[in-house]
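Just follow the structure's listing: the first ligand is 1, and inside any ligand the first atom is 1.
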Amino acid sequence: MRPLLIVLALSLAAAAAAASASASGARSVIRTVTDIPAAVSSGAADEADALFCDSWRLSVETANAGPWKFIPARCAAFVGDYIEGPRYASDSAVAAADSLAFASGALAAAEVGAARPAWVFDVDETLLSNAPYYAVNGWGSQEFNETSFDEWVDAAKAPALPSSLKLYNELQALGFHVILLTGRTEFQRNSTEANLLFAGYRSWEKLILRQPSDIGKTAVKYKSERRAAMEAEGFKILGNSGDQWSDLLGSPMATRSFKLPNPMYFIS
Ligand SMILES: *[C@@H]1O[C@H](CO)[C@@H](O)[C@H](O)[C@H]1NC(C)=O
Ligand SMILES: *[C@@H]1O[C@H](CO)[C@@H](O)[C@H](O)[C@H]1NC(C)=O
């Protein structure tokens, strides 16, 4: 009983404080960016960069930014801090929890009928994290180097995104067929399979990679075509998880799509 009483007392105190704040009259709750202190010291400049880069991150996550090639140079440290700090882990974990909440409800609601319930996962920055590669390559502020990235892929040492691995296992336990759909090429099948196993993933239904005939297609076109093929094979795609909008958009679309954060690069 005692902890409950303490919690109750604390919430009453908080409610009283809120009531007295509102009684003191309207507070200005919307600030303008000119409220930010002028850049008189390097501290203030850092603050302005942090504010700008957080807004830039929102604009790329919502796709307001449209296609982009590099992160702004002033945001490299911000992106590094974001990926390595608790925010990326927390954003990813909330996305995974939202996915699981939907997934259990969707199965219970028998939206599936006779079809096999499926969940589609992208690979890079969805199941696997290439953060160790980007950490030594400017966090996306440098031009993409296909040679060095392919070497990293061949090494097959990318770690799992922990919340994605947890979700992956939970979806399989619920009875979902997990299908992996990646922009990596068929030539990278072995290293991709080795890396997925290294990171702890097991028992995927299939791993779909770009075939020679897919080279040059946008990710939206390539991935939509493959989702159409899955539906033709009798899968009902209830969920789709990806770090790029091009993993998720296009017809047919999953019943629900889940966008994971990625402020390091953009794929159309
Ligand atoms: C790209 O990576 C390769 C392999 O690591 C390296 O030899 C090459 O110099 C890099 N190219 C550029 C433009 O940095
Ligand atoms: C992939 O692995 C299989 C079997 O382990 C092997 O036969 C094949 O040559 C490998 N392919 C490549 C491109 O390394």
Notebook entry, point to check: Would you say the side-chain atoms of Lys259 pair up with the backbone N or O of Asp243, donor to acceptor, closer than 3.5 Å?
Noted result: yes

Notebook entry, point to check: Does the protein put a heavy atom under 4.0 Å from atom 14 (O) of ligand 1?
Noted result: yes

Item checked: atom 5 (O) of ligand 1 protein-contacted, heavy-atom criterion under 4.0 angstrom -> yes

Notebook entry, point to check: Relative to the ring of Trp119, is the ring of Phe121 parallel (under 30°), tilted (30 to 60°) or perpendicular (over 60°)?
Noted result: tilted

Next item on the list: Could you tell me whether Thr147 and ligand 1 have an N or O pair separated by under 3.5 Å?
Entry: no

Margin query: Testing the basics here: between Ser246 and Ile267, what is the closest heavy-atom pair and its distance to 0.1 Å?
Written below: OG-O, 2.8 Å

Next item on the list: Specify side chain, backbone, both or neither for Glu143, according to which of its non-hydrogen atoms lie closer than 4.0 Å to ligand 1.
Entry: neither

Notebook entry, point to check: To which protein heavy atom is atom 9 (O) of ligand 1 closest, and what is the distance rounded to 0.1 Å?
Noted result: Asn145 ND2, 4.7 Å

Checklist line | Verdict with supporting geometry, Leu127 and Tyr168, side-chain contact (heavy atoms from CB on, under 4.5 Å) | finding: CA-CA 8 Å; Leu127 294 183; Tyr168 180 103; 4.1 Å; yes

Next item on the list: Please check if the distance between the ring centroids of Tyr265 and Tyr134 is under 6.0 Å.
Entry: yes

